[in-house]
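Below is one structure; the comments refer to it alone.
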Number of protein chains: 2
Amino acid sequence: MAETIAIIGGTGPEGRGLATRLVLAGHTVIIGSRDAERGASIAAELKASLPARDGAGALRGGGNAEACSEATLAIVTVPYSAHAPTLEALRGPLSGKLVVDAVVPVRFERGPRPVEVAAGSATEEAAALLPDSTVVGAFHNLDAETLLDPDLPVDADVLLTGGSEGKRRTGALAEQIAGVRAVDAGPLRYSRFVEGITILLIGINGRHRAHTGIRIAGLPEGE
Amino acid sequence: MAETIAIIGGTGPEGRGLATRLVLAGHTVIIGSRDAERGASIAAELKASLPARDGAGALRGGGNAEACSEATLAIVTVPYSAHAPTLEALRGPLSGKLVVDAVVPVRFERGPRPVEVAAGSATEEAAALLPDSTVVGAFHNLDAETLLDPDLPVDADVLLTGGSEGKRRTGALAEQIAGVRAVDAGPLRYSRFVEGITILLIGINGRHRAHTGIRIAGLPEGE
């Protein structure tokens with residue numbers, strides 16, 4: 001089923017990367033920004049760069065609130081410093097919707113360092129700020145540069161945290177990105193571990209000049 | 001180079017699993033226990049169960065302190081509840097040696113849950129308790145049941161945290177376990193993320209009745 005997906009804070013590399021893959025998979029994507037004009041212009045630029053593909057969806061941009069109002073599902077890709085205030089302001093337009101949080105609480109000071117989050121993780125913080133939404137954690141560990149080039153294969157699992165129904169819908173979406181397998185990583189309270197993996201990968205990428213992802217080895221086929 | 005390896009708290013599944021693989025790789029392994037007799041009897045039992053292999057090393061057991069005194073390198077596999085008191089008591093025999101911490105701060109209460117560690121991680125706690133040793137984090141994410149059966153292939157990366165020289169020596173040891181690739185996961189302060197992965201894997205194993213490991217995808221070959 002085609003979704004209308006708002007990417008909150010979608011003008012950065014991770015947001016544009018996810019937009020690239022999800023538009024090509026047939027979804028309507030709205031790149032949201034706190035600055036509506038910037039959202040629109042980044043979306044127009046990205047749209048012009050995409051290859052023509054049969055079945056691709058629509059891509060446009062605008063303000064975060066407007067994007068969320070129109071969306072059936074939202075993905076959060078703001079920098080962690082903007083996480084709480086952004087979501088707090090979007091509680092209304094996100095009410096009753098699935099919100100997929102991909103934010104990693106990280107700051108950079110001689111390498112990536114975790115930011116302590118009182119709620120335990122960015123995803124749990126989102127769940128606390130959005131009591132009328134269904135919040136799932138996903139997409140943290142996908143390399144943005146890889147996502148941005150639709151010809152590059154993605155070799156990574158997407159680890160999902162949250163409730164069953166939200167994970168099922170998010171996992172189906174994730175697996176529309178070629179090469180991605182969705183893996184149920186447990187309840188919301190495990191989100192901190194998934195977010196932490198991204199900090200490891202950023203470090204590994206820096207040391208190896210690579211674009212790495214994570215795979216869970218040893219899972220039975222077809223699960 | 002063959003090492004003499006003490007496995008501190010080595011009578012549990014992870015300790016016996018690592019002992020199995022490292023003995024077959026040609027190292028001398030001493031299974032340490034707080035109860036010397038139990039260490040010796042578990043080692044004798046394990047030894048009797050091992051297949052005859054050319055080049056296998058010696059396996060024996062005893063008290064933790066005695067095992068550490070004889071060892072050139074120690075691996076820590078105690079339950080987290082015993083982590084600090086055990087290491088504190090071994091500061092002398094571990095002085096000047098490489099100590100590889102494989103302990104995950106986890107407790108079980110309707111599924112695995114993290115234990116908060118003031119030092120940030122078990123490995124950083126070990127480093128603080130053993131100022132005269134070189135402490136590296138490794139082996140957390142290897143499935144014990146798989147290690148215990150020497151005929152089962154291991155399909156997993158070992159993520160290493162700590163200083164370069166300790167990681168080099170530990171990585172070389174890890175890669176003597178067939179199927180294992182060692183990956184530099186960064187400084188000691190990233191140990192919490194590696195330890196957290198184990199909690200994710202325990203949960204995934206439970207849901208899928210599987211024996212999973214972690215792989216870093218997208219690393220250049222031969223690194």
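Lettering of chains follows the sequences in order, A, B, ..., and the numbering in each one begins at 1.
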Inset, instruction - Measure distances from Val194(A) to the heavy atoms of chain B and classify the residue's part below 4.5 Å as side chain, backbone, both or neither. - result: both
Inset, instruction - Among the options Asn205(B), Thr146(B), Ile214(B), Leu200(B), pick out the one with the most heavy-atom pairs lying under 4.5 Å from chain A. - result: Leu200(B)
Inset, instruction - Please round to the nearest 0.5 Å and tell me the distance separating atom CD1 of Ile31(A) and atom CG of Asn64(A). - result: 11.0 Å
Legend entry - Among the listed options Thr161(A), Asp155(A), Leu159(A), the residue most often paired with chain B at heavy-atom distances under 4.5 Å: Asp155(A)
Inset, instruction - State, yes or no, whether a side-chain contact exists between Arg169(B) and Leu73(B) at a heavy-atom distance under 4.5 Å. - result: yes
Legend entry - Salt bridge flag under 4.0 Å for residues Arg207(A) and Asp184(B): yes
Legend entry - Arg192(B) with Glu116(A): basic N within carboxylate O range, under 4.0 Å: yes
Inset, instruction - For each of Ala210(A), Gly206(A), Pro114(A), Pro187(A), tally heavy-atom pairs with chain B at distances under 4.5 Å, and name the one with the top tally. - result: Pro114(A)
Inset, instruction - Pick whichever of Pro112(A), Ala217(A), Gly111(A) has the most heavy-atom pairs under 4.5 Å with chain B. - result: Ala217(A)
Legend entry - Considering all heavy atoms, the nearest Val103(A)-Ala122(A) contact: O-CB, 3.5 Å
Legend entry - Among the listed options Gly203(A), Gly186(A), Ala156(A), the residue most often paired with chain B at heavy-atom distances under 4.5 Å: Gly186(A)
